Amino acid sequence: MNTRNGDNMKKYEIVFVDIDDTLNPSNQNVSQYTKEVMRKLKEKQIKVVVNTGRSARYAIEKSLEAGLSEYTISSNGAEVYNYHERKEIFSKPIEAKDIKDIYEYCITHNMTIILNSLEKRFINIKDYKYNNEPAIYFESIDEIIENNKINQLVILSSNYDRMLVLPNLFKEKFPSLKVVHSSLGLIEEKRVKNKEYYHDLVLENTAKSSGIVELLDYLNIDSEKAIAIGNGYDDICMCDVVGTSVAMENANQVLKETATYITDSSENDGVAKILEKLCLTDE
């Protein structure tokens, strides 16, 4: 376990943790060791909050599985939720017109579109599961946007060249939106045979970091008493809004160079190990 700024103990109050390849390897269960560490953190009244690009529903499932706090940040910071009270703390819904125009673009170019709202997930393809998350098939986009606040769009396609240019194209067509995260192959411009690529779209000025700021303000917790742990490019922004940041051993190099600490990989319970060291080890 590598460190940059020493191992001095702080009194932490909250931890923000990514799910895939951080809390657990992608689409796998949380380990018993990690669950036990989370139980000990809860006993010390340290809140652990899932902060993910996935849907609120999936974030809640993982939070319950790992025994974390009642709060989740989902859809790359577009949703902050207390699922015990079913209370929306913060959300940034996308305008109906933009959703409809993007949906029509996807239909024209044979692309899949997923729409995330709090505890609901919609998709335009029957019997399709992306990242093992169930979604509600829809035929009428008008009905969806009339009855739901949509906070994130996920666009999927195996057309590498179209997906590569889509962020710049959408930046011109939809200036209020941004591509907040994408497939690694698109970020690093590495074509993979038979690969389905994705882009996550949210409102401008939305990211995992903005979700953290909203929840810290809501709970009145100083950012210096917060830890953020991640592995992806969309986790880099979290380093700027917490006192202590952690990169997984399997993280990208930029995050490793930015974070305060580097812990073990998700396969080797890196989250549990660093939180034991920072929060549960008395000097």
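All residue numbers refer to positions in the sequence shown, counting from 1. Note that this is a predicted model, so its numbers are computed, not measured. For the numbers below, each heavy atom of this structure counts, side chains included, while hydrogens, waters and symmetry mates do not.
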Going through the checks in order, is the side chain to side chain contact (heavy atoms under 4.5 Å, CB included) test met by Lys178 and Asn205? CA-CA 8 Å; Lys178 74 171 183 179; Asn205 302 316; over 6 Å; no

Quick check on the hydrophobic clustering: are [X] and [Y] connected, directly or via other members, by side-chain heavy-atom contacts under 4.5 Å?
X      : Y      : answer
Ile114 : Leu166 : no
Val37  : Ile46  : yes
Tyr218 : Val15  : no
Leu186 : Ile102 : yes
Ile113 : Ile141 : yes

Is [Y] close to [X] at the side-chain level, that is, under 4.5 Å between some pair of heavy atoms?
X      : Y      : answer
Ile136 : Ile123 : no
Asn250 : Ser266 : yes
Ser69  : Val48  : no
Glu13  : Gln45  : no
Ser265 : Met248 : no
Asn252 : Ile236 : yes
Glu79  : Thr72  : no
Asn124 : Phe138 : yes

Out of curiosity, [X] [atom1] to [Y] [atom2], how far, rounded to the nearest 0.5 Å?
X      : Y      : atom1 : atom2 : answer
Arg191 : Tyr197 : CZ    : OH    : 6.5 Å
Leu164 : Ile187 : CG    : CD1   : 11.5 Å
Leu215 : Asn220 : CG    : CG    : 11.5 Å
Ser117 : Arg57  : OG    : CZ    : 11.0 Å
Leu203 : Gln152 : CG    : CD    : 11.0 Å
Met111 : Ser157 : CE    : OG    : 4.5 Å

Expected output: side-chain [X] to main-chain [Y] donor-acceptor under 3.5 Å:
X      : Y      : value
Asn168 : Val165 : no
Lys62  : Ile19  : no
Ser63  : Ala59  : no
Ser140 : Glu143 : yes
Glu65  : Val30  : yes
Lys256 : Glu249 : yes
Thr263 : Gly270 : yes
Asn51  : Lys208 : yes
His199 : Met163 : yes
Lys44  : Cys279 : yes

Residues [X] and [Y]: side-chain donor-acceptor under 3.5 angstrom:
X      : Y      : value
Asp98  : Ser176 : yes
Tyr58  : Thr52  : no
Asp269 : Ser31  : yes
Asn231 : Thr22  : yes
Asn76  : Asp200 : yes

Are Leu153 and Leu115 close enough, and set up right, to give a side chain to side chain contact (heavy atoms under 4.5 Å, CB included), and what steps lead you there? CA-CA 5 Å; Leu153 305 176; Leu115 301 86; 3.8 Å; yes

When you check the gap from the basic side-chain N to the acidic O, do Glu276 and Lys273 get nearer than 4.0 Å?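 Not counted as a salt bridge, because no side-chain N and carboxylate O are separated by less than 4.0 Å.
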
Are Glu36 and Arg39 close enough for a salt bridge, meaning some N to O gap below 4.0 Å?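 Yes, charged N to carboxylate O under 4.0 Å.
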
Give the minimum heavy-atom separation between [X] and [Y], together with the two atoms involved.
X      : Y     : answer
Arg86  : Tyr81 : CA-OH, 3.3 Å
Asn24  : Asn27 : ND2-N, 4.4 Å
Ile94  : Ile99 : O-CD1, 3.5 Å
Gly230 : Asp18 : CA-CB, 4.0 Å
Leu118 : Glu88 : CD1-OE1, 3.3 Å
Tyr83  : Leu68 : OH-O, 4.2 Å

Just checking [X]: does its [atom1] atom have more than 12 heavy atoms from other residues, nucleotides or ligands closer to it than 6.0 angstrom?
X      : atom1 : result
Lys225 : NZ    : no
Glu95  : CD    : no
Asn110 : CG    : no

Check salt bridge (Lys or Arg N to Asp or Glu O under 4.0 Å) between Glu133 and all other residues, then give those that pass, not counting sequence neighbours. Arg54, Arg121

Applying ring pair (Phe, Tyr, Trp, His ring centres under 6.0 Å) to Phe174 and not counting sequence neighbours gives Phe170

Between Leu184 and Tyr233, does the side chain to side chain contact (heavy atoms under 4.5 Å, CB included) criterion hold? Intermediate values first, please. CA-CA 9 Å; Leu184 188 62; Tyr233 283 96; 3.4 Å; yes

For Val180, what are the other residues in its hydrophobic cluster, where any two members join if their side-chain heavy atoms are less than 4.5 angstrom apart? Val202

Answer with yes or no after comparing the ring centroid distance for Tyr103 and Phe122 against a 6.0 Å cut-off, counting only values under it. no

Could you check Cys239 against Leu255 for side chain to side chain contact (heavy atoms under 4.5 Å, CB included), going step by step and ending with a plain yes or no? CA-CA 8 Å; Cys239 299; Leu255 180 55; 3.6 Å; yes

